[in-house]
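A short write-up of the structure that comes next.
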There are 2 protein chains.
Amino acid sequence: MTIACKINKQMFDQFRNKFPLDDDKWTDYTNCFNRMEVPAKTILIQEGDIPKKAFLIEKGCVRAWFNNAGKDVTFQFFFENNTVASIESFRKKHPSTVTVETIEPSVLWFIRKEDIDRIIAEISEIPALRDKFTDAIFERTFVYMKHHFSFIKDTPQQRYLNLIKEMPQIIQRVPQHYIASYLGISTVHLSRIKSQLARGKS
Amino acid sequence: MTIACKINKQMFDQFRNKFPLDDDKWTDYTNCFNRMEVPAKTILIQEGDIPKKAFLIEKGCVRAWFNNAGKDVTFQFFFENNTVASIESFRKKHPSTVTVETIEPSVLWFIRKEDIDRIIAEISEIPALRDKFTDAIFERTFVYMKHHFSFIKDTPQQRYLNLIKEMPQIIQRVPQHYIASYLGISTVHLSRIKSQLARGKS
DNA sequence: TGCATTTGATAACAAATGTTATCGTCTCAC
DNA sequence: GTGAGACGATAACATTTGTTATCAAATGCA
């Protein structure tokens, strides 16, 4: 099921100029990534396990979800070039509170936690890269802040409109009941919102 | 209205052992903080302005809120020993998207952005302190993640119960309509939740 | 002290949202 | 192919939540 190899790293070329590293280090780091192709509904991280890997998506899409009173609640979606990790588990060494699962057949690059830790430790000594890392964490924080904002102030319809504005592809690629739980509403209500919008526009 | 001074830094002693710094640096850093006493409803950061200061609360409480279609929506509460800053504005040099305002008469210590930037740059060269800083950002991220979780999966009543569990003091110290908007519900509904809980328990 | 304002509870009604059930379409494994 | 299950729309009804209005108590300020 999993086909891993260490060749064909041209996928990473698009990121090359973003990291001021010499070629040796670059090769070292990109060599930590292993390619894998998996079908839809493959579980990458299991809720309750301590995750040992993070993933970069070359092709496909992925969701993070958790079980709430028997129902599955989707927490986040990931698409091409997103990195997927249970950052809270990585940081706190707790079991993951979410399951991470492919939605489509996907091409992923995985990297082991030991390697991530080493790379972070190394780049933290280089101010420019350390700042990049800090920026990345802040960006993630701001995304969640924005979600918090949105849940406090917006109606479900507005949240839906925001979502299709920010991730238009989501409509085509993600089953609607995942989107509904991500928005915190029932599938029936999402369906109603869609038909309202369709009627309103015609 | 603002009484600032540079003496009486014993307030900071409680944090002394958390920071592996020599005494000179410690004095340098704590000297960047200025004490101020302000009445309730003092605006510390104005929505739309580029904030120049951050605050540490010695005594009192503070809320961050923003204007949404004419209504004020409370985003976050702060109590003793919390630090208050518009981190997104600091990081991105954007105008603040929230107003920060005292709820009670408060004793605060403020620090200027230039000083923060210098201190962060300096401690980033010391691995132990750099890690503390990174941890702090992650912690903030996890708090917002938890909020996001909660809005997706919990009812308003559950969110209210969570809140009084995590910040019991909030009930005594914060007007209920601020709490309602923080929970994303109307004041009437919060009132109903409270009376339901009271009836259920008796 | 006394008055204006803020705060909070409650009722009545309106609107939003959830639940359950049904149906048609689509997809995918065999 | 084909049959089971996944998916999405819709209806009918139940429940939750919001809105507006009213009142009483608490609070702050002149």
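So you know, we letter chains A, B, ... as the sequences are listed, proteins then strands, and number each from 1.
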- OP1 or OP2 of D/dA6 under 4.0 Å from side-chain N/O of A/His177: no

- Note on the structure: B/His189 has its side chain closest, among D/dT17, C/dT19, D/dA21, to D/dT17

- Query: With A/Lys132, which of A/Thr134, A/Leu129, A/Asp135 fulfils side chain to side chain contact (heavy atoms under 4.5 Å, CB included)?
  - Reply: A/Leu129

- Residue A/Pro156, side-chain heavy atoms: nucleotide from C/dT17, D/dT17, C/dG18 that is nearest: C/dT17

- Message: Is it the case that D/dG8 (base atoms only) and A/Arg192 (side chain only) share a donor and an acceptor within less than 3.5 Å, ignoring hydrogens and angles?
- Response: no

- Could you give the OH-to-P distance, from A/Tyr160 to C/dT17, as a whole number of Å? 15 Å

- Message: Output the rounded distance in Å from CD (B/Gln172) to P (C/dG8).
- Response: 11 Å

- Rounded distance (Å) that lies between atom P of C/dT27 and atom CD of A/Glu104: 14 Å

- Query: OP1, OP2 of C/dA16 versus side-chain N and O of A/Thr155: anything below 4.0 Å?
  - Reply: no

- Reported NZ-to-NZ distance for the pair B/Lys113 and B/Lys52, which is rounded to 0.5 angstrom: 10.5 Å

- Message: What is the separation between atom CZ on A/Arg199 and atom P on D/dT10, rounded to the nearest whole Å?
- Response: 8 Å

- Query: Which of the following nucleotides, C/dT7, C/dG18, D/dT19, is nearest to the side chain of A/Ile185?
  - Reply: C/dG18

- Message: In whole Å, I'd like the distance from the CD atom of A/Gln176 to the C1' atom of D/dA6.
- Response: 13 Å

- Query: Of the candidate nucleotides C/dT7, D/dG18, C/dT19, which contains the atom at the shortest distance from the side chain of B/Ser186?
  - Reply: D/dG18

- Can you check the B/Gln157 CD to D/dT17 P distance for me, whole Å? 9 Å

- Query: Are B/Arg118 and B/Asp28 ion-paired here, with the side-chain N under 4.0 Å from a carboxylate O?
  - Reply: yes

- Query: Given that B/Ile171 and A/Ile193 both sit by DNA chain C, which one's nearest nucleotide is further toward the 5' end?
  - Reply: B/Ile171

- Message: Is it true that, when you exclude B/Lys25 itself, more than 12 heavy atoms of the residues, nucleotides or ligands shown sit nearer than 6.0 Å to its NZ?
- Response: yes

- Query: OP1, OP2 of D/dG8 versus side-chain N and O of A/Lys194: anything below 4.0 Å?
  - Reply: no

- Could you tell me the separation between the CD atom of B/Gln196 and the C1' atom of D/dT15, rounded to a whole number of Å? 11 Å

- Does the side chain of B/Lys59 reach to within under 4.5 Å of the side chain of B/Glu80, using non-hydrogen atoms? yes

- Give one of base, sugar-phosphate or nothing for A/Thr187, where a contact means two heavy atoms less than 4.0 Å apart. nothing

- Using atom CG of A/Leu183 as one end and atom P of C/dG18 as the other, report the distance to the nearest whole Å. 10 Å

